[in-house]
2 protein chains.
Amino acid sequence: MHDIAAAAGVSRGTVSRVLNGGYVSATARAAIERAIREVGYVPNTAARNLVMQRSQAIGFIVLEPHSLFLEDPNIGGIMLGANSTLSAADYQMVNLVVDSERDTARITRYLSGGFVDGAIIVSARTHDPIIQVVGSLALPSVFVGHPRDLHPDIPYVGIDNLASAEEITRRLLATGRRRIGMIAAAVDRDSGADRLAGFQQALGPLYDETLVADVPLYDFACGAKGMRTLLEREPEIDGVFAASDAVAAGAMEALREAGRAVPADVGVVGFDDSSWASRTRPTLSTVHQPADDIGAYAADMVLRQLKGEQITRRGVLLPSPIVWRDSA
Amino acid sequence: MHDIAAAAGVSRGTVSRVLNGGYVSATARAAIERAIREVGYVPNTAARNLVMQRSQAIGFIVLEPHSLFLEDPNIGGIMLGANSTLSAADYQMVNLVVDSERDTARITRYLSGGFVDGAIIVSARTHDPIIQVVGSLALPSVFVGHPRDLHPDIPYVGIDNLASAEEITRRLLATGRRRIGMIAAAVDRDSGADRLAGFQQALGPLYDETLVADVPLYDFACGAKGMRTLLEREPEIDGVFAASDAVAAGAMEALREAGRAVPADVGVVGFDDSSWASRTRPTLSTVHQPADDIGAYAADMVLRQLKGEQITRRGVLLPSPIVWRDSA
DNA sequence: TTGTAGGCGTTATCAA
DNA sequence: TTGATAACGCCTACAA
């Protein structure tokens with residue numbers, strides 16, 4: 001900046017004023033702008049951050065080893081939703097992936113180092129050390145999903161997994177099925193646990209523990225495996241609630257192998273309303289996750305904290321309506 | 001830092017030395033470390049960046065509006081590959097999504113503002129303004145893929161789309177097919193154009209322009225649509241090279257609707273070896289993209305530039321072997 | 001081994 | 001409307 005101040009024959013203060021808006025004469029402005037163009041000058045953000053005490057960037061942190069980024073159909077939508085809101089407010093969304101122990105330490109430094117003014121944290125797991133870090137850092141932030149041990153000062157946004165699971169199970173029941181099973185995935189996370197709880201609640205006395213197959217991940221392969229287990233345990237099974245669409249697609253594959261027709265022999269419902277849902281044959285009845293809205297809402301909550309607004313509601317659950325198609 | 005220097009009864013210089021390594025007595029170190037722990041002090045990265053002139057962060061930039069992040073099966077693998085290499089070198093990977101005009105401007109600022117020491121740019125399209133920015137910024141960087149108008153000083157890493165397309169088409173020919181078509185996607189990108197060129201080269205005199213269906217995206221829906229077009233134009237078609245696995249999956253769906261058996265009536269081959277490939281029935285013969293290696297290699301190239309190494313080779317093409325399964 | 005002091009590139013406050 | 005000048009928080013010679 002020194003150079004361009006010299007080139008334009010003014011002081012650095014004046015240069016700063018044309019950059020950030022302020023009283024400056026037309027002649028001075030013209031000279032400065034020309035100099036900027038000629039030199040190809042770009043302000044140094046580190047210096048600006050230092051004095052301004054902000055970075056105009058928001059972290060979008062995915063606390064998930066490896067798989068989630070590749071498999072979870074919602075994460076991309078949430079990201080894009082957040083990005084468009086942040087972008088409109090002229091904030092840079094900075095996406096950080098946690099894929100190892102080493103990453104965790106580095107991200108902690110990053111978060112506390114003034115690189116970002118706030119954070120959107122997509123966390124599935126309970127007991128993540130980052131949760132504590134953010135809590136003690138007083139960094140304006142918001143969680144997507146809500147781990148059980150979430151710091152009470154940090155708001156969250158998500159959907160009501162339990163209620164939606166309950167609702168779609170009821171709907172499946174209403175088609176006349178009587179031996180309904182569930183392929184429960186990732187029950188160590190809040191979403192997985194809630195979906196299972198909703199299923200159980202909907203079934204009430206009809207709930208039969210042997211009709212629940214536990215699988216570790218929300219993916220296709222696990223779905224197929226879970227379905228085979230279920231078929232083995234109860235050949236008379238006539239309905240399945242899969243914990244996600246990918247799981248449902250895997251289940252349908254296993255049903256096809258076993259010679260069962262969907263929905264004639266077995267009704268299948270999923271969760272997410274991801275691209276899987278419209279690609280299966282028959283198309284999948286499922287719960288719609290408003291990924292875009294979730295991302296946008298999360299971004300908005302961080303932005304509001306940045307403006308000094310007091311967040312009163314601890315959490316928000318966005319509506320996740322059922323989309324009924326042909327698989328049940 | 002002032003506070004903890006005071007608390008430990010030393011000067012700020014000494015504190016800095018325990019933080020960054022340097023001569024400091026055991027007693028002083030102990031006192032300082034205790035103070036740090038008690039106060040919960042974390043160094044301000046903006047200040048450090050300013051004086052050090054580096055951020056220890058590398059940008060991973062995806063120049064793709066919206067869809068790519070959700071649809072491209074390789075992007076996640078490339079990202080994870082890059083992240084593990086960067087992480088091992090103690091660099092923070094910072095992921096930036098370009099989703100609008102507005103984003104482009106902001107990211108330009110970000111890149112030139114000292115937020116990152118280097119960049120990995122995943123670009124598919126030609127003529128992206130960012131290409132110019134990076135070129136003129138002299139920011140150590142590398143492209144994944146190689147846009148035709150890439151700045152000559154910036155190295156790239158990718159695969160040989162043309163040769164691989166040619167090879168798998170030959171392989172399809174070798175199964176005895178004679179009316180082979182292609183569903184060409186995204187021909188406005190280098191990858192799309194190269195795959196089409198490879199197809200054409202393999203077919204030689206057998207190449208028939210009417211057997212090429214152009215679709216805009218590498219996705220399932222486009223694949224189905226492209227296949228329908230092809231079937232309409234040439235009912236006798238007995239082989240199809242789909243520009244990606246997702247496209248191939250869509251094509252197989254359309255073939256099923258049309259009552260054609262795969263591979264008995266029509267042989268299908270894809271490209272990418274993504275998760276699609278093993279989920280289709282029959283499983284897909286395709287070209288394997290070493291996404292992880294591409295990411296790791298790209299990261300390594302940036303790191304080497306940062307170490308001051310001179311990059312001699314302009315670009316590197318990693319091997320992309322054919323994986324032959326059941327669809328042809 | 002330690003303290004002192006200059007400088008990194010901006011913004012912001014105050015006089016002028 | 002402008003120019004000095006003091007921060008911002010840290011690193012690093014240099015001197016002690």
Side-chain angles (χ1 to χ4, degrees), chain A residues 1-36 39-57 90 92 109-117 137-139, chain B residues 1-36 39-57 90 92 106 108-117 137-139:
Chain A
M1 177 190 278
H2 217 93
D3 313 353
I4 94 118
V10 297
S11 77
R12 299 174 299 162
T14 309
V15 176
S16 179
R17 263 166 238 133
V18 3
L19 255 30
N20 303 291
Y23 294 123
V24 48
S25 67
T27 50
R29 160 163 281 128
I32 291 170
E33 280 172 347
R34 200 169 54 78
I36 286 180
V39 181
Y41 164 83
V42 282
N44 177 311
T45 316
R48 170 179 278 162
N49 288 353
L50 181 58
V51 65
M52 304 276 279
Q53 306 280 41
R54 57 187 181 69
S55 63
Q56 208 70 0
D90 208 33
Q92 176 62 49
R109 284 207 311 268
Y110 194 89
L111 250 35
S112 45
F115 272 100
V116 296
D117 296 338
L137 226 51
L139 185 72
Chain B
M1 178 189 278
H2 218 93
D3 313 353
I4 91 122
V10 297
S11 76
R12 300 176 300 162
T14 308
V15 175
S16 180
R17 274 183 285 266
V18 5
L19 255 31
N20 302 290
Y23 293 122
V24 46
S25 67
T27 49
R29 159 162 283 127
I32 291 171
E33 279 172 348
R34 199 168 57 78
I36 286 180
V39 181
Y41 165 81
V42 281
N44 178 311
T45 316
R48 169 179 281 163
N49 288 353
L50 181 58
V51 65
M52 303 279 275
Q53 306 279 39
R54 57 188 181 68
S55 62
Q56 207 70 1
D90 209 33
Q92 175 62 48
R106 200 155 21 67
T108 300
R109 284 207 312 267
Y110 195 89
L111 250 33
S112 45
F115 271 101
V116 296
D117 296 339
L137 225 53
L139 184 72

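Below, chain A is the first sequence line, B the second, and so on; all start at residue 1. Atom set for the values below is all heavy atoms of this structure, side chains included, hydrogens, waters and symmetry mates excluded.
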Query raised in the report: If you measure from CD1 on A/Ile36 to CZ on A/Arg29, what distance do you get to the nearest 0.5 Å?
Result: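 Interatomic distance, A/Ile36 CD1 to A/Arg29 CZ, rounded to 0.5 Å: 10.0 Å.
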Given atom [atom1] of [X] and atom [atom2] of [N], what is their separation to the nearest angstrom?
| X | N | atom1 | atom2 | answer |
| --- | --- | --- | --- | --- |
| A/Arg54 | C/dT11 | CZ | P | 10 Å |
| B/Arg12 | C/dG6 | CZ | C1' | 11 Å |
| A/Met1 | C/dG7 | CE | P | 18 Å |
| B/Asp3 | D/dC8 | CG | P | 12 Å |
| A/Ile32 | D/dG3 | CD1 | P | 8 Å |
| B/Arg29 | C/dT2 | CZ | P | 9 Å |
| B/Tyr23 | C/dG3 | OH | P | 17 Å |
| B/His2 | D/dC8 | NE2 | C1' | 13 Å |

Between [options], which nucleotide gets closest to the side-chain atoms of [X]?
| X | options | result |
| --- | --- | --- |
| A/Met52 | C/dT10, C/dT11, D/dG9 | C/dT11 |
| B/Gln53 | C/dT11, D/dT2, C/dG9 | C/dG9 |
| B/Leu50 | C/dT1, D/dG9, C/dT11 | D/dG9 |
| A/Arg17 | D/dG3, C/dG3, D/dC10 | D/dG3 |
| A/Val10 | D/dC10, D/dG3, C/dT10 | D/dG3 |
| B/Val51 | C/dT10, D/dA4, D/dG9 | D/dG9 |
| B/Ala47 | D/dT12, D/dC10, C/dG3 | D/dC10 |
| A/Thr14 | C/dT11, D/dG3, D/dC11 | D/dG3 |

Query raised in the report: Which heavy atom in A/Val116 sits nearest to a heavy atom in A/Leu139, and how many Å separate them?
Result: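 Taking A/Val116 first and A/Leu139 second, the nearest heavy atoms are O-CD1, 3.8 Å.
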**Report entry** Shortest non-hydrogen contact between A/Gln92 and B/Tyr110, atoms and distance
**Finding:**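 Scanning both residues completely, I find the closest heavy atoms to be CG-CD1, 3.6 Å.
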Query raised in the report: So, is A/Ser16 near the phosphate of C/dT11, with a side-chain N or O under 4.0 Å from OP1 or OP2?
Result: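 Looking at the OP1 and OP2 atoms of C/dT11, one of them is under 4.0 Å from a side-chain N or O of A/Ser16.
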Report task. Take A/Asn44 and B/Ser25, find for each the nucleotide of DNA chain C with the closest heavy atom, and name the residue whose nucleotide sits nearer the 5' end. Result ->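 Per heavy-atom nearest nucleotide, the more 5' residue is B/Ser25.
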Report task. Kindly assign one of parallel, tilted or perpendicular to the pair A/Phe115 and B/Phe115, based on the angle between their ring planes and the thresholds 30° and 60°. Result ->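 Answer is tilted, since the angle falls between 30° and 60°.
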By the 4.0 Å heavy-atom rule, please label [X] as base, sugar-phosphate, or nothing.
| X | result |
| --- | --- |
| A/Ala46 | nothing |
| B/Val18 | nothing |
| A/Asn20 | sugar-phosphate |

Query - Exam field: side chain B/Asp117 to backbone B/Gln56, donor-acceptor pair closer than 3.5 Å - result: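 Yes, because the side chain of B/Asp117 sits within donor-acceptor range (under 3.5 Å) of the backbone of B/Gln56.
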Report task. Establish, from distance only, whether the side-chain atoms of B/Asn49 and B/Ser55 form a donor-acceptor pair under 3.5 Å. Result ->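 Note: B/Asn49 and B/Ser55 side chains miss the donor-acceptor criterion.
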